[in-house]
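One-based numbering, in listed order, for ligands and for the atoms of each.
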Amino acid sequence: MAETKSKILIIGVTGNLGFELAKASLSALHRTFGLVRDSALSDPKKLHKVQLLSDAGLTVFKGSLEDEMSLIEALNQVDVVICAVSSKQVHCQKLLISAIKRAGCIKRFFPSEFGSDPDKTRVFELDHDFYSRKSEIRRLVEAEGIPYTYICCNFYTSYLLPSLVQPGLQTPPRDNVSIFGDGNVKGVFVKECDVAAFTISTVDDPRTLNKTLYLRPPGNTLSLNELVDIWETKIGKSLERIYISEEELLKKIHETPYPDNMQMVFIYSVFVKGDQTYFDINSSNGVEGSQLYPHIKYTTISEYLDTLL
Ligand SMILES: NC(=O)c1ccc[n+]([C@@H]2O[C@H](COP(=O)([O-])OP(=O)(O)OC[C@H]3O[C@@H](n4cnc5c(N)ncnc54)[C@H](OP(=O)(O)O)[C@@H]3O)[C@@H](O)[C@H]2O)c1
């Protein structure tokens, strides 16, 4: 079976999501390759990640998104490319896209997205081009006719959930909790290893070709009020709920310098505007991951909150 599976190149294996993607790819028995910069190998933590992955079967190509020859050499040996560079490096994918076009052998490209759908968010006046940069990469991929899958996993559980969506806190509150807006707008959290498992499942699946995979698992799509309800049950105590109106949140966003205000911008986008859930997946050229791959036993928010007790 393994030889019929696509060979996958992952860019960013020393990063947070890229490491998970590489682990998921290897455990799904894909031949897996990582493009690694020389500089990463002199960082002990990153080197350790590369060693763990190499021991599990990863083949390392040395190179970078700025080095076209390294890209072409790597692309010629694989079928699929998944890019997991950080949001700051999204524009660095432009050379990769032209190299994919030149190589002509790539059956599918996954640009670095892994968040809310950049074409659906409605905070462009606040987000310092965070989403428009990702949309620009989508348009380039489509203009070049490169086969793609976009992964919209919404929030990682490691982002904001450890504080129960309380900007500035590191642990969930036990006395009072801020709720943004009316607290009834739903957002989505998915654990990074589950994002990786869903992503790798799409690689050879024709149902996801030239589509967006949205992750909105039922156990992980919750409003702030529902989130606090679950936490209160777990700690056996009611919290004082302090409601922060849309106007108050916008005022705080404007008063706080960039980039420190970006957590609040994401909270505004998701839990006030409803940017992760306001639209219908099926009419957005999309498919929903937990419906497509019911065998993936993802971590629910309730299970994740148990780890914070
Ligand atoms: N949904 C959410 O809640 C959430 C939260 C955070 C991030 N994200 C998204 O997840 C995606 C991945 O972000 P991340 O936080 O996992 O990234 P990260 O940890 O910062 O890792 C970035 C990776 O890209 C590599 N890289 C950077 N520039 C490169 C270049 N020029 N050539 C080759 N490799 C390069 C880095 O290699 P080095 O080790 O050499 O630097 C590193 O391995 C982004 O699209 C981001 O927006 C989503």
Side-chain angles (χ1 to χ4, degrees), residues 9-24 33-53 58 60-71 73-75 81-97 99 109-118 121 127-138 150-163 165 187-196 198-199 213-216 220 259 262-263 265-267 269-271 275-276 289 301 304:
L9 173 67
I10 297 167
I11 299 171
V13 294
T14 51
N16 292 331
L17 186 69
F19 182 68
E20 297 296 336
L21 287 164
K23 282 198 297 184
F33 303 78
L35 187 81
V36 177
R37 298 196 276 194
D38 271 331
S39 54
L41 300 174
S42 45
D43 174 321
K45 279 192 186 151
K46 293 180 181 182
L47 180 62
H48 181 59
K49 282 183 164 181
V50 174
Q51 277 167 343
L52 285 175
L53 294 172
L58 182 87
V60 173
F61 294 136
K62 287 195 187 170
S64 82
L65 285 178
E66 290 77 28
D67 176 354
E68 193 170 14
M69 280 312 294
S70 72
L71 292 176
E73 272 175 38
L75 293 173
V81 180
I82 306 178
C83 192
V85 294
S86 79
S87 55
K88 289 190 195 108
Q89 296 141 345
V90 159
H91 268 168
C92 303
Q93 296 174 108
K94 289 181 177 177
L95 186 62
L96 172 66
I97 291 168
F109 174 49
F110 296 67
S112 192
E113 289 215 355
F114 306 105
S116 299
D117 186 330
T121 53
D127 74 0
H128 292 261
D129 293 330
F130 183 92
Y131 290 113
S132 62
R133 285 198 299 270
K134 291 188 174 183
S135 288
E136 191 185 336
I137 292 298
R138 282 187 174 191
Y150 303 140
I151 306 290
C152 293
C153 58
N154 299 309
F155 281 144
Y156 299 161
T157 46
S158 67
Y159 189 70
L160 288 170
L161 197 52
S163 70
V165 195
V188 186
F189 292 93
V190 184
K191 200 168 177 184
E192 289 86 327
C193 58
D194 298 330
V195 173
F198 281 112
T199 301
L213 184 87
Y214 292 98
L215 297 186
R216 279 190 205 166
N220 295 34
M262 283 305 281
Q263 271 198 352
V265 171
F266 293 130
I267 290 172
S269 167
V270 174
F271 290 109
D275 281 345
Q276 291 179 342
I301 288 182
Y304 182 82

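Comparing Cys152, Ala22, Ala84 against atom 22 (C) of ligand 1, the shortest heavy-atom distance belongs to Ala84. Nearest to atom 18 (P) of ligand 1 by heavy atom, out of Gly15, Ser116, Ser87, Ser158, is Gly15. For the residues Glu113, Lys88, Arg37, the heavy atom positioned nearest atom 29 (C) of ligand 1 is part of Arg37. For atom 45 (O) of ligand 1, the choice among Ser112, Cys83, Ser64 with the nearest heavy atom turns out to be Ser112. The option with the heavy atom closest to atom 47 (O) of ligand 1, from among Gln276, Gln93, Lys134, is Lys134. Looking at Phe130, Phe19, Tyr156, Tyr131, it is Tyr156 that brings a heavy atom closest to atom 2 (C) of ligand 1.
Salt-bridge check for Lys23 with Glu192: failed, with every basic side-chain N at 4.0 Å or more from each acidic carboxylate O. Using a 4.0 Å cut-off between a side-chain N of Lys or Arg and a carboxylate O of Asp or Glu, Asp43 and Arg37 do not qualify as a salt bridge.
The nearest heavy-atom contact from the protein to atom 1 (N) of ligand 1 is Asn154 O, 2.7 Å. At the shortest separation from atom 19 (O) of ligand 1 among protein heavy atoms lies Asn16 N, 2.9 Å. Nearest protein neighbour of atom 20 (O) of ligand 1, counting heavy atoms only, is Ser86 CB, 3.4 Å. Annotation: atom 48 (C) of ligand 1 to nearest protein heavy atom, Phe114 O, 3.0 Å. Looking at atom 32 (N) of ligand 1, its nearest protein heavy atom turns out to be Leu65 N, 2.9 Å. Looking only at protein heavy atoms, the nearest one to atom 44 (C) of ligand 1 is Val85 O, 3.2 Å. Scanning the protein heavy atoms around atom 25 (C) of ligand 1, the nearest turns out to be Gly12 CA, 3.9 Å. The shortest contact between atom 43 (O) of ligand 1 and any protein heavy atom is with Thr14 OG1, 2.6 Å.
Ligand-side atoms of ligand 1 in range of Lys46: 38 (P), 39 (O), 41 (O), range being under 4.0 angstrom from any heavy atom. Atom numbering of ligand 1 starts at 1 in the shown order; those under 4.0 Å from a heavy atom of Leu17 are 16 (O). Of all the atoms in ligand 1, the ones that sit under 4.0 Å from a non-hydrogen atom of Gly115 are 1 (N). Residue Ala40 approaches ligand 1 through these ligand atoms, each under 4.0 Å from one of its heavy atoms: 39 (O), 40 (O).
The side chain of Glu66, and not its backbone, has at least one atom closer than 4.0 Å to an atom of ligand 1 (non-hydrogen atoms only; side chain from C-beta on).
Side-chain N/O atoms of Ser86 and Gln89 include a donor and acceptor closer than 3.5 Å.
To the nearest 0.5 Å, atom CG of residue Leu58 and atom CD of residue Gln51 are 12.0 Å apart. The distance from atom OH of Tyr304 to atom OG1 of Thr157, rounded to the nearest 0.5 Å, is 5.0 Å. For the atom pair NZ of Lys94 and CG of Leu65, the computed distance is 13.0 Å after rounding to the nearest 0.5 Å. Summarising the geometry, atom CE belonging to Met262 is positioned 9.5 Å from atom OG belonging to Ser269; distances are rounded to the nearest 0.5 Å. Between atom CD1 of residue Ile82 and atom CG of residue Leu21 there is a gap of 5.5 Å, rounded to the nearest 0.5 Å.
No heavy atom of Glu192 sits closer than 4.0 Å to any atom of ligand 1.
For the pair Lys134 (side chain) and Glu113 (backbone), a donor-acceptor distance under 3.5 Å is present. Remark: the backbone N or O of Asp38 is not paired with any side-chain donor or acceptor of Lys62 at under 3.5 angstrom. Using a distance-only test at 3.5 Å, with no hydrogens or angles considered, a donor-acceptor pair links the side chain of Asn154 to the main chain of Leu215.
Between Phe266 and Phe155, the angle of the ring planes goes over 60°, which puts this pair in the perpendicular group of the 30/60° scheme.
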